[in-house]
Amino acid sequence: TRFFKQKKGYPKFKSKHGKQAATFDDFCFRIKDNQLFLAKCKTPFKVVWSREMPRIKIPYATISKNSAGQYFVSFTCQYEPKKTDGKHVIGVDLGITNLAVFSDGTQIENPRHYVKAQEKLARLQQQHARKQKGSKNREKSRLKIAKHHQYIANQRADCLHKLSTKLVRENQAIVVESLKVSNMLKNHNLAKHIADASWSEFNRQLVYKTAASQHCKLLYAADFPSTQICSCCRRRSPEKIVLGVKNWSCPHCGVYHDRDINAAINLRMLGVMNLSIDGFVTSRLAILSHKGDHVQYEMPPSFEKWPWVAR
């Protein structure tokens with residue numbers, strides 16, 4: 001095998017249960033009258049098409065199966081992404097009570113998909129525990145649980161995709177905090193809600209969608225105390241604003257702030273400070289990666305490097 005001949009990577013165990021996938025070349029499948037024909041299969045497969053197939057050559061098709069026993073087919077093809085024309089710079093503060101708060105005051109409520117489905121999920125798992133191991137009824141019960149988990153995952157993905165697509169289409173720059181989610185999940189009081197909000201998945205979607213937009217830039221603010229700074233007088237609060245405080249008054253100028261909106265405004269101001277007039281990032285930002293025409297940036301981590309914040 002490849003391991004013994006080329007010494008490239010160890011062999012991986014491939015289970016026959018759970019997730020499965022198989023890839024077919026263009027000479028092993030064809031699409032006719034919106035039906036999928038595979039090699040050595042006499043009858044076509046019934047497919048519920050999510051979108052109209054493009055009239056171009058499709059080199060590969062991958063058929064996959066998830067843990068819930070559902071089958072999907074995906075096709076590989078070339079396409080030219082449409083360039084977006086957003087004109088705004090927006091700051092986004094992620095949270096638990098509100099999934100996202102924008103610098104213009106918009107608050108996106110956290111749908112809490114997993115928390116709402118917990119009761120039904122617990123009932124299904126109780127029924128599963130009562131079934132005899134190895135029986136067909138236990139396998140049926142397992143599929144019910146898997147389908148319910150898949151339903152929750154689909155709800156979450158749909159919500160995040162709609163939100164991230166809207167942000168990329170309407171803005172030329174998006175400023176978010178560089179959160180260390182893996183460390184935050186160690187807090188067992190909030191781990192379930194942080195995982196349910198799926199901040200990492202939201203950031204992942206922003207990265208590849210801004211890259212495909214050819215216009216929108218994604219900026220990360222690393223270790224920037226957006227919550228602790230007044231967005232009006234730009235002074236830092238002498239007392240630390242703890243997690244439970246949702247509103248606070250600036251001791252310097254007396255302005256009453258909503259915690260999340262104030263943080264989002266500070267992120268936007270930080271992004272505007274580091275964007276030139278023509279929309280390109282100045283040299284004060286550190287380049288993280290470069291893929292084609294897309295450049296991803298991260299702001300300097302030290303608070304002392306931000307002269308616009310009064311002390």
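Starting from 1, each residue takes its place in the sequence as its number.
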State, with a plain yes or no, whether a side-chain heavy atom of [X] is found less than 4.5 Å away from one of [Y].
X: Ile56; Y: Cys77; answer: yes
X: Gln172; Y: Lys217; answer: no
X: Gln125; Y: Ile145; answer: yes
X: Gln118; Y: Lys192; answer: yes
X: Asp85; Y: His215; answer: no
X: Lys87; Y: Asn171; answer: no
X: Val168; Y: Leu206; answer: yes
X: Lys32; Y: Pro44; answer: no

When hydrophobic residues are tied together by side-chain contacts of less than 4.5 Å, even through go-betweens, does [X] share a cluster with [Y]?
X: Val176; Y: Met184; value: yes
X: Phe202; Y: Leu179; value: yes
X: Val181; Y: Leu163; value: yes
X: Trp199; Y: Phe102; value: yes
X: Phe37; Y: Val73; value: no

Quick one: sort the His257 and Trp248 rings into parallel, tilted or perpendicular, breaks at 30° and 60°.
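Because their plane-to-plane angle lies in the 30° to 60° range, the rings of His257 and Trp248 count as tilted.
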Which heavy atom of [X] sits nearest to which heavy atom of [Y], and what is that distance?
X: Thr62; Y: Ala21; value: CG2-CB, 4.5 Å
X: His113; Y: Pro111; value: NE2-CG, 3.2 Å
X: Ser135; Y: Gln132; value: OG-O, 2.6 Å

Are the side chain of [X] and the backbone N or O of [Y] linked by a donor-acceptor pair below 3.5 Å?
X: Arg268; Y: Val175; value: no
X: Asn266; Y: Ile229; value: yes
X: Gln20; Y: Ser15; value: yes
X: Asn187; Y: Ala191; value: no
X: Asn98; Y: Val101; value: no
X: Gln228; Y: Ile241; value: yes
X: Ser103; Y: Gly91; value: yes
X: Trp49; Y: Asn34; value: yes
X: Ser213; Y: Cys216; value: yes

As an exercise, state the distance from CD of Glu170 to NZ of Lys166, rounded to the nearest 0.5 Å.
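If I round to the nearest 0.5 Å, the distance is 3.5 Å.
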Which value, rounded to the nearest 0.5 Å, describes the distance between Ile63 atom CD1 and Phe24 atom CZ?
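Here the interatomic distance stands at 4.5 Å.
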Could you tell me whether [X] atom [atom1] has more than 12 heavy atoms of other residues or ligands within 6.0 Å of it?
X: Tyr208; atom1: OH; value: yes
X: Tyr151; atom1: OH; value: no
X: Lys246; atom1: NZ; value: yes
X: Arg142; atom1: CZ; value: yes

I'd like to know if the side chain of [X] pairs up with that of [Y] as donor and acceptor (distance under 3.5 Å, no hydrogens or angles considered).
X: Thr106; Y: Asp104; result: yes
X: Lys19; Y: Ser67; result: no
X: Ser231; Y: Asn262; result: yes
X: Lys209; Y: Ser164; result: yes
X: Glu177; Y: Ser226; result: yes

N-O pairing of [X] and [Y] below 4.0 Å:
X: Arg156; Y: Asp196; value: yes
X: Glu201; Y: Arg204; value: yes
X: Lys57; Y: Asp26; value: yes
X: Asp158; Y: Lys162; value: yes

Test side-chain contact (heavy atoms from CB on, under 4.5 Å) on Ile58 and Phe29 and set out the steps.
CA-CA 10 Å; Ile58 302 174; Phe29 73 92; 4.1 Å; yes
Is there a side-chain hydrogen bond (donor to acceptor under 3.5 Å, both in side chains) between Lys144 and His128 once you walk through the steps?
CA-CA 9 Å; Lys144 287 183 180 179; His128 179 73; over 6 Å; no
Decide side-chain contact (heavy atoms from CB on, under 4.5 Å) for Leu219 and Leu267; before the verdict, give the C-alpha distance in whole Å, the side-chain angles of both, and the deciding distance to 0.1 Å.
CA-CA 10 Å; Leu219 288 76; Leu267 289 171; over 6 Å; no
Run the numbers on Arg112 and Leu99 for side-chain contact (heavy atoms from CB on, under 4.5 Å), then give the verdict.
CA-CA 9 Å; Arg112 299 178 185 268; Leu99 178 62; over 6 Å; no
Would Thr97 and Asn110 satisfy side-chain contact (heavy atoms from CB on, under 4.5 Å), going step by step from the backbone distance to the final call?
CA-CA 6 Å; Thr97 304; Asn110 188 359; over 6 Å; no
